[in-house]
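Okay, structure first, notes after.
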Protein chains: 2
Amino acid sequence: MSESSPVLPGTVADDLRARIIAQDEAPGTAITESAVALRYGVARSTARTAIDRLVAEGLLVRSAHRAARVPELSRADIADLFDSRAVVEAAAVASVATSGTLSADALAAHRALLATPAGEPFAETDIAFHRALVTGQPSARLARMHSALMGEIELCIGQVQAHSLLTAAEVAHQHQGILDAVVAGDAERAADLTREHIASSRERLLAHYDATH
Amino acid sequence: MSESSPVLPGTVADDLRARIIAQDEAPGTAITESAVALRYGVARSTARTAIDRLVAEGLLVRSAHRAARVPELSRADIADLFDSRAVVEAAAVASVATSGTLSADALAAHRALLATPAGEPFAETDIAFHRALVTGQPSARLARMHSALMGEIELCIGQVQAHSLLTAAEVAHQHQGILDAVVAGDAERAADLTREHIASSRERLLAHYDATH
DNA sequence: GAATACGGATTGTCGGACAATCTACGTTAT
DNA sequence: ATAACGTAGATTGTCCGACAATCCGTATTC
């Protein structure tokens, strides 16, 4: 088993990413290279590359000679994020339906969501389903773009604090519809349902955003 | 006017990118950090940053502890690249048609292409048109994804050595059709024409690839 | 009160150092 | 001969320390 990339900046970036998504770092607070280096016991250059990576993912923003900050996603950002995601994910799901590359992980995530008791948080399971669905599909570039978007999506969900605007059962039901279309090989319907599913998330999040701002 | 990012790695990456796309670095040849540092008179860490950026763009590939190399795009890569681009660009063009954000640069590139004498190379002008079209559109994320794809597209065109599989007039004519739909606000038709336009490029490139491999 | 100058914080780049790891080649054993 | 093994050179991965450039808030000056 060979790692494809440096490991240290990777783990630092992974942990930082988790912290950012979990809102452990409030939006707007400065993430300095030295602070990261100190916290993880690595050199500043190592911390820097980790931060660079997150900046590339959109989870941090930085202007020249300024400390990186967790971005505060605007209403327009949220809308753009979900619209872009719908474009990419609908195409990816259509590709799954056509190529028949439905991943076992996606089915596992779907079952996990079905088994989630009402009231329990399920955002992670929901996202795992979507990620697995797209990962299984053959296009490396669609997968890459989708992965980049999903990071921001998670940040977005965290910032709007919208973890349970829907019940797990409702979300699972929509997923089921997508899966049925995929298994039936109906790419067009699968793509449409995916767009609808994402659009409904979008609307709910925007409504919640409007209500709290 | 404030630069958003470090300038040195940026210029090194820009020059390297140009060299890679121009096939000055043959596919497969190693691009070592020290060689880049030496050539541009910068520290190895700076060269490394530049290389990292190109790796993220897909213009270089690298496995752990190995020198970065210019990737040799496979037939599947070419197909995937154009399919992914069609997904993103069709959505972007539809957005231009809807939002009426047709950029002046796109029109300028279109006129430049119309004015290109038969037999002259026009790949750059063609690409400038597509880039400008998407850049003008409001979604930052669609623009980001498209830009990332276009780098690889340019590499692809260079590798297949397919600079003039079509005449400038033919390409300009297809562009004209897209622009007409955009100006008419017909997002659906603009998207369809964009998909067709990209698909025809794809087929021509693949045919040329098959003929030479 | 506004323009200016200062100073602290942070990034941007440098150079050198050393360990880890990969590949290719040559040596040894079968 | 050939297959397994091991070593050497190349390259990356990470560290450290240093210093210039730049940005920002604050104090100073007019």
Side-chain angles (χ1 to χ4, degrees), chain A residues 1-20 24-72 144, chain B residues 1-20 24-72 74:
Chain A
M1 212 60 61
S2 79
E3 286 301 326
S4 66
S5 273
V7 47
L8 248 180
T11 58
V12 171
D14 287 346
D15 193 82
L16 257 184
R17 184 185 305 110
R19 291 181 55 84
I20 291 170
D24 290 342
E25 310 285 351
T29 57
I31 310 281
T32 67
E33 298 175 356
S34 352
V36 172
L38 192 64
R39 162 167 359 197
Y40 294 96
V42 298
R44 181 161 75 95
S45 56
T46 306
R48 180 187 183 74
T49 58
I51 291 177
D52 276 345
R53 201 169 303 190
L54 296 178
V55 168
E57 290 179 25
L59 293 185
L60 288 176
V61 294
R62 179 176 50 183
S63 43
H65 293 276
R66 305 291 329 267
R69 296 175 303 104
V70 179
E72 203 156 346
R144 205 167 65 194
Chain B
M1 212 61 60
S2 80
E3 286 302 326
S4 66
S5 274
V7 45
L8 246 181
T11 58
V12 171
D14 288 346
D15 193 81
L16 257 185
R17 184 185 304 109
R19 290 182 55 85
I20 292 170
D24 290 342
E25 310 285 351
T29 56
I31 310 281
T32 67
E33 298 176 354
S34 352
V36 172
L38 193 63
R39 166 171 354 200
Y40 295 96
V42 299
R44 180 161 76 98
S45 57
T46 306
R48 179 185 183 75
T49 306
I51 290 176
D52 276 343
R53 199 168 305 189
L54 296 178
V55 168
E57 291 178 25
L59 293 185
L60 288 176
V61 294
R62 180 177 48 183
S63 43
H65 293 277
R66 302 293 329 269
R69 295 175 304 103
V70 179
E72 203 155 347
S74 69

Between P of D:dC23 and CZ of A:R69, the distance in whole Å: 15 Å

Euclidean distance, atom OH of residue B:Y40 to atom C1' of C:dG12 [Å, nearest integer]: 20 Å

Under-3.5 Å donor-acceptor pair between A:R44 side chain and C:dG12 base: yes

Separation of atom CZ in A:R48 from atom C1' in D:dT14, rounded to whole Å: 15 Å

Nearest-angstrom distance from the residue atom CD1 of B:I31 to C1' of D:dT11: 14 Å

Most 5' of A:H65 and A:S45 on DNA chain C, judged by nearest nucleotide: A:H65

Distance, rounded to the nearest Å, where A:L8 contributes CG and C:dA19 contributes P: 16 Å

A:R62 CZ to D:dC24 C1', straight-line distance once rounded to whole Å: 18 Å

Contact summary for A:P9 and A:A50, nearest pair of heavy atoms: O-CB, 3.7 Å

Straight-line distance of A:L8 CG to A:Y40 OH, nearest 0.5 Å: 12.0 Å

Proximity to the side chain of B:T46 - top-ranked nucleotide from D:dC15, C:dC14, C:dT10: C:dC14

Can you give me every donor-acceptor pair (side chain of residues 51-60 of chain A, partner residue at least two apart or in another chain, under 3.5 Å) with its distance?
unit_1 : atom_1 : unit_2 : atom_2 : d
A:D52  : OD1    : A:R62  : NH1    : 3.2
A:D52  : OD1    : A:R62  : NH2    : 2.4
A:E57  : OE1    : A:R17  : NE     : 2.9
A:E57  : OE2    : A:R17  : NH2    : 2.8

Residue closer to the 5' end of DNA chain D, A:R66 versus A:G41 (nearest nucleotide): A:G41

Atom-pair distance (CD on B:E33; C1' on C:dA20), nearest Å: 14 Å

A:R48: salt bridge (Lys or Arg N to Asp or Glu O under 4.0 Å) partners, not counting sequence neighbours: A:E33

